[in-house]
Amino acid sequence: MNEELKSIKDLLRVISESSDKVFIVGHDKSDLDSLASAIGLQALCESLGKTAYIILDEPEATMEPIVKKLRDDNATKHNIIDMSGFELLHDNESTLIVTDTNKSDRVAVKDYLDDFSQIIIIDHHGTGENTIKNASMYIPQSKEENDQTPKVKVSSASEIVAQLLLQAKVECDKDIYTYLYGGIYLDTNRFDKNVGEKTHDITHKLCAKGADTFAVKELFLADFDEDKVISDLVFNGTVLKAYAYDAFNNYTIGFTLNREKPLTIYNREAIAKAADRMMQYRIEAEFAMGHIDCETIKVSARSRGRLDVGKVMEYIGGGGNSQSAAAQIQGLPLTTLEDILLVAIEKGIHIGDEVIPPKDSTVISAPKQYKKNHQN
Ligand SMILES: [Mn+2]
């Protein structure tokens, strides 16, 4: 049976009364809210005389840069361990605190849930089928019964943990207030959504305690850098071509690649995001491509669905559906791949079930260099 905790006071009491050894875990694919709330909880547990460990078990390669930075800065200070550390340290007397999720399949310790003497869940997401059983839960519901307008009760796990630290009058490192502010900043999309009555009050108190709002903005600059790479690729490397199929159907297709430095290596995400970005514009379909290592080119294709990009990607050895598809090609220069795609489309593009060759094509927008080499 899950026991529902009604207030911050109840939650604080349950944590105070828990065992001397505590493990704290957030959700997989950790983010700033998940890890910041875990760090705050670790400090709270220590102030209550417990030994508390944070479990963060993610492959280095896919760990978010912000999470990696927080982990590296705090591994020793806040006992951040991975699953091998957990296996050495846990015993049947220990308590587990789950933060920022309530789902059993999203926690690193999913195979050990029966081994804890007690589980406490702190979350701001709705419960469901996979909600961890036999736990004490503090999950402020976002919607009252019979209430048509959902009221935001709490923005984030970080907001709850900030309330806990304030309630318990724990004096922390300023860094912790900064991280918690960052967790709220992330989950409210910079105070744009899910901001509840208490959220402003709590963030005000975090600032009064010394949260460095400037540092939080700095933490988020990593996103800006990634965005710039994508923007550069999109705005400097896109050719827009209009293909006329009949008097009424004129389809504009985007081809995006780094024409100036074709050998530039991108991460896969960046190419997919460039394709997604292009779909904000008035085009029918988009092909974004770039090297993901010296040998391999990745193509991400998107369409509104009228032009079947899945079929086009199959033609070059990839796959997907009519609206979203991809391919990886080896041993081919990037510009040759673009030419192959152009020929494939000139030969006839899949529109629904039919293959229809265009009657005419016009370059409607392109970098100067491209225009010089491809006069119509
Ligand atoms: Mn969250």
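Keep in mind that the numbers below use all heavy atoms, side chains included, and drop hydrogens, waters and symmetry copies. Atoms within a ligand are numbered from 1 in the order they appear, just like the ligands themselves.
Here Asp33 contributes OD2 and Asp100 contributes OD1, and at the Mn ion (ligand 1) these two atoms make an angle of 90°, given to 10°. Centred on the Mn ion (ligand 1), the NE2 atom of His124 and the OD2 atom of Asp187 lie at an angle of 80°, reported to 10°.
Aromatic rings of His90 and Tyr112 (six-membered ring for Trp) have centroids within the 6.0 Å cut-off, being under it.
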Residue pair Phe255, Ile345: steps toward the side chain to side chain contact (heavy atoms under 4.5 Å, CB included) verdict | CA-CA 12 Å; Phe255 300 89; Ile345 289 162; 3.7 Å; yes
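When atom types are taken as modelled, the side chain of His78 and the backbone of Ile80 share no donor-acceptor pair closer than 3.5 angstrom.
At a threshold of 2.8 Å, the Mn ion (ligand 1) has no backbone or side-chain N, O or S atom of Asp31 nearer than that distance.
Every residue two or more places apart in sequence or in another chain that forms a salt bridge (Lys or Arg N to Asp or Glu O under 4.0 Å) with Lys205 is listed here: Asp201.
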